[in-house]
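Input: a single structure, listed below in structure tokens.
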Protein chains: 2
Amino acid sequence: MPRVVDRTARRSEIAAAASRVFVERGVANTSVSDIVKSAGVAQGTFYLYFATKDDVVMAVVDEMAGRMIAGITAAVDASGSTAVEKFLGLRDVLMAFDVDATAVELADFMHRPENRPLHDRMAEHFVPALIPLMESIVVQGVAEGVFNVRDPRAAAWFVLGGLQSAELSGTPVADMPAAIKAVTGFSLRALGYTAVGS
Amino acid sequence: MPRVVDRTARRSEIAAAASRVFVERGVANTSVSDIVKSAGVAQGTFYLYFATKDDVVMAVVDEMAGRMIAGITAAVDASGSTAVEKFLGLRDVLMAFDVDATAVELADFMHRPENRPLHDRMAEHFVPALIPLMESIVVQGVAEGVFNVRDPRAAAWFVLGGLQSAELSGTPVADMPAAIKAVTGFSLRALGYTAVGS
DNA sequence: AGTTTATGACTGACAATCAGTCATAAACAC
DNA sequence: GTGTTTATGACTGATTGTCAGTCATAAACT
């Protein structure tokens, strides 16, 4: 039998190299030739593992998104035990977006204008990936008797969309506290929030 | 005085030609050479009116978005006079998205995978462009005493984001009526809706 | 142990394509 | 006829994706 290689591992190696070069030079300014030089493989090898340049971009985005989602999930779990606490935790992460230092760096990179395609694809992964988390919070809240929602899945979509949209609204930093408060109010009203015992 | 040409008109001509070719072949598969051939001008002429290929893509998107926004605004105005009627009109347009036949065709085109960049840029224009319309509806509702909102601008962002997100949730056609009803409920709750006189 | 052979991984020069430039010409105004 | 703006299209440099062939490995067979 011939020489055998772990295809998945090889793919990851090349994707990791691509990721490094992307961060250095920006996605648009990176050529496939740059990537293979950084990965230490030949141009042809690249095309054994990725169909197109766009393919590797998507792979990198998926991997980044996955790590961010994991970080967010952890942060939410750490933010409290009740549904409302978890909701507020998720809101904070989404609005402020400071899970840790690398996340901030990543966010900066993603918002560079030449990396728009990357940003857009990421955003598209984001809300869907957070749906299960948000939905579980809503379900928990209903069970606790603080939320009043017939369709938790739909509620998760709606509220996450609202939160993300608010993040995009370009609110001046000075007005952020007020904006966050407003958005919180809208979300809780949408979820039919009533304090326990009232 | 030197030779004079209506620069804006010329730009529009080339953009219109670009738009035609984009619809035929997709944005990514269209070269600048294709555009100039269709417009009947030389390659150099193109660069007198657009800095880059991306520049003409943006121009086409802006023009499309503008027409769609205008159509939506008209549809909303025609849907009723009260804030709630207008809100429901806007919701219908956003969820069903059938302003007219050409809009459907356009939507198909925009959702072709190879036109993703176009779609993303369009989406980015969309919510911001609808904010004034939504905000005016909210303000009217507050004046009518049916909505209870402190910050109409923030409410507009939140609700529009929620509506758009719901549209992206990939609800099966069969479940759409229920989903629309759910989304409507979330929106009205977020806006603090109470029927007049209650 | 040594030789052959089968197989997939890998290579890098190369073809094809395309965005953007530039030297030159035409059209017009005065 | 001089000056200024618009227009031209051949050209360049760079980049993506391909392909004919090499290389390393291990099984199969002597």
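Here is the naming used below: chain letters follow the sequence lines, and residue numbers restart at 1 for every chain. Here the structure is a predicted model, which is why all the values come from computation and not from measurement.
- If you take CG of B:Leu48 and P of D:dG9, they are 13 Å apart, rounded to a whole angstrom.
- Heavy-atom nearest nucleotides on DNA chain D were determined for A:Ser33 and for A:Gly44, and the one closer to the 5' end corresponds to A:Ser33.
- Within 4.0 Å (heavy atoms only), A:Tyr49 reaches sugar-phosphate atoms of the nucleic acid but no base atom.
- When only modelled atom types and interatomic distance are considered, B:Arg91 and B:Ser187 share no side-chain donor-acceptor pair under 3.5 Å.
- To the nearest angstrom, C1' of D:dT5 lies 15 Å from CG of B:Asp6.
- An OP1 or OP2 oxygen of D:dT8 is reached within less than 4.0 angstrom by no side-chain nitrogen or oxygen of B:Tyr47.
- Counting to the nearest Å, the P atom of C:dC10 and the CZ atom of A:Phe50 are 13 Å from each other.
- Residues B:Phe46 and A:Lys53 each lie close to DNA chain D; by heavy-atom proximity, the contact nearer the 5' end of the strand is made by B:Phe46.
- Heavy-atom contacts from other residues, nucleotides or ligands closer than 6.0 Å to CZ of B:Arg11 number more than 12.
- Distance from the side chain of A:Ser31 is smallest for D:dT15 among the nucleotides C:dA9, D:dG17, D:dT15.
- B:Ile14 places its CD1 atom 13 Å from the C1' atom of D:dT8, with the value rounded to the nearest Å.
- B:Val84 places a side-chain heavy atom less than 4.5 Å from the side chain of B:Phe147.
- Nearest nucleotide to the side chain of A:Gln43, out of C:dG12, D:dT8, D:dT6: C:dG12.
- Here A:Asp34 contributes atom CG and A:Arg20 contributes atom CZ; the two are 12.5 Å apart, rounded to the nearest 0.5 Å.
- Rounding to the nearest 0.5 Å places OH of A:Tyr193 at 11.0 Å from CZ of A:Phe87.
- What separates CG of A:Asp55 from C1' of D:dT16 is a distance of 14 Å, to the nearest Å.
- Between the NZ atom of B:Lys37 and the C1' atom of D:dA7 there is a distance of 18 Å, given to the nearest Å.
- Look at CG on B:Asn29: it is 15 Å from C1' on C:dA19, rounded to the nearest Å.
- A:Thr45 has a side-chain polar atom (N or O) that falls below the 4.0 Å cut-off from OP1 or OP2 of C:dT11.
- In this structure, of C:dC10, D:dA7, D:dT6, it is D:dA7 that holds the atom nearest to the side chain of B:Arg10.
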